[in-house]
Amino acid sequence: MVAGVVNNEIVSVVSPARLWKAIVKDSHNLMPKLMPDIILSIVVLEGSGGVGTIRQSNFTNVIKDFSYWKDRIDAVDEENRMFKYSVIEGGLIGKKVKSTSFELKFEARADGGSTCKLNGEYETIEDSLPTEAESKKMMESMVAMFKAIEGYLVANPDAYA
């Protein structure tokens, strides 16, 4: 078992407040609409969106390695716009990784936009880290979801205002 991290920063023209509302507060409704070819649904199984909430994301057959994952919200800091969750079942849990968690933090930029910091931590099942290509693919999927929401917000300036 080996611990690893993946990190990325995305600069956006969208304000942190709007990104926070769309990504953290309403992604379970928004993502299946914006990415129907990948995400069938996101269902809240337990909780009301705060710490301890369990959600299940169901994927289309475009995702070859798994059909769903369940995640648990571990931290929500409204003031600092920080959100952390762990995948607790499905996905690559039990196949390639023992555990995985992600943290998103939205910071304001002087131009009215924001910087989103994406940080992932994981423990592998085997004694080797994912290849650079596997790590890049993991982060690319997170960035693609972010960019889909960002594009929606730019095209709909009154949404999540």
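The first residue in the sequence is number 1, and the count goes up from there. Just so it is clear, the structure is predicted and the values come from calculations on it, not from any experiment.
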Engineer: Quick check: are there more than 12 heavy atoms from other residues, nucleotides or ligands sitting under 6.0 Å from NZ of Lys105?
Structural biologist: yes
Engineer: Please answer whether the main-chain N or O of Ala161 pairs with a side-chain N or O of Lys21 as donor and acceptor at a distance below 3.5 Å.
Structural biologist: yes
Engineer: Is a side-chain donor or acceptor of Arg18 paired with a backbone partner of Ala159 at a separation under 3.5 angstrom?
Structural biologist: yes
Engineer: Taking all non-hydrogen atoms of both residues into account, name the closest pair between Val2 and Asp127 and its distance.
Structural biologist: CG2-C, 3.4 Å
Engineer: To check you understand the geometry: which heavy-atom pair defines the closest contact between Gly113 and Pro16, and what is its length?
Structural biologist: O-CD, 3.6 Å
Engineer: What is the distance from atom CZ of Arg55 to atom OG of Ser41, rounded to the nearest 0.5 Å?
Structural biologist: 12.5 Å
Engineer: Who are the side chain to side chain donor-acceptor pair (under 3.5 Å) partners of Asn8, not counting sequence neighbours?
Structural biologist: none
Engineer: Side-chain heavy atoms under 4.5 angstrom apart, residues restricted to Ile, Leu, Val, Met, Phe, Trp, Tyr: same cluster for Val24 and Tyr160?
Structural biologist: yes
Engineer: Is any side-chain heavy atom of Asn119 closer than 4.5 Å to one of Lys84?
Structural biologist: no
Engineer: Should Trp20 and Val154 be counted in the same cluster of Ile, Leu, Val, Met, Phe, Trp and Tyr side chains packed under 4.5 Å apart?
Structural biologist: yes
Engineer: Side-chain contact, heavy-atom cut-off 4.5 Å: Met145 with Ile38?
Structural biologist: no
Engineer: Please check if Val43 and Phe66 belong to a single hydrophobic cluster, counting links between Ile, Leu, Val, Met, Phe, Trp and Tyr side chain heavy atoms closer than 4.5 Å.
Structural biologist: no
Engineer: Which pair of heavy atoms, one from Glu150 and one from Val11, lies closest together, and at what distance?
Structural biologist: OE2-O, 4.1 Å
Engineer: Which value, rounded to the nearest 0.5 Å, describes the distance between Leu45 atom CG and Arg72 atom CZ?
Structural biologist: 13.5 Å
Engineer: Could you state the interatomic distance from CD1 (Ile63) to CG (Asn58), rounded to the nearest 0.5 Å?
Structural biologist: 12.0 Å
Engineer: What closest approach, in Å, do Leu19 and Ser114 show between heavy atoms, and which atom pair accounts for it?
Structural biologist: CD1-OG, 3.0 Å
Engineer: If you count the non-hydrogen atoms of other residues, nucleotides and ligands that lie under 6.0 Å from NZ in Lys33, is the total more than 12?
Structural biologist: no
Engineer: Rounded to the nearest 0.5 Å, what's the gap from OH on Tyr152 to CG on Leu34? Could you check?
Structural biologist: 7.0 Å
Engineer: Between the main-chain N or O of Met82 and the side-chain N or O of Asp77, is there a donor-acceptor pair closer than 3.5 Å?
Structural biologist: no
Engineer: Within this structure, what is the CD-NZ distance for the pair Glu107 and Lys117, rounded to the nearest 0.5 Å?
Structural biologist: 4.0 Å
Engineer: Looking at CG of Asn61 and CG of Asp37, how far apart are the two atoms once the value is rounded to the nearest 0.5 Å?
Structural biologist: 10.5 Å
Engineer: What's the shortest heavy-atom distance between Phe106 and Cys116, and which atoms?
Structural biologist: CE2-SG, 3.7 Å
Engineer: Indicate, with yes or no, if the rings of Phe59 and Trp69 have centres closer together than 6.0 Å.
Structural biologist: yes
Engineer: Tell me, which pairs form a ring-ring contact (aromatic ring centres under 6.0 Å, His included) where one or both residues lie in residues 34-56, sequence neighbours left out?
Structural biologist: none
Engineer: Restricting to non-hydrogen atoms, name the atom on Ile39 and the atom on Thr60 that form the minimum distance, rounded to 0.1 Å.
Structural biologist: N-CG2, 4.3 Å
Engineer: Return each pair, listed once, that meets ring-ring contact (aromatic ring centres under 6.0 Å, His included) where at least one residue sits in residues 72-104; pairs must be two or more places apart or across chains.
Structural biologist: Phe83-Tyr85, Tyr85-Phe102
Engineer: Contact between Tyr122 and Val6 at the side-chain level, heavy atoms closer than 4.5 Å - yes or no?
Structural biologist: yes
Engineer: Can Lys70 and Glu46 be counted as an ion pair, charged N to O under 4.0 angstrom?
Structural biologist: no
Engineer: Quick one: do Leu30 and Ile10 end up in the same hydrophobic cluster if we chain Ile, Leu, Val, Met, Phe, Trp and Tyr together by side-chain heavy atoms under 4.5 Å apart?
Structural biologist: yes
Engineer: Give a yes or no on whether Val44 and Tyr68 share a hydrophobic cluster (residues Ile, Leu, Val, Met, Phe, Trp, Tyr; joining criterion: side-chain heavy atoms under 4.5 Å apart).
Structural biologist: no
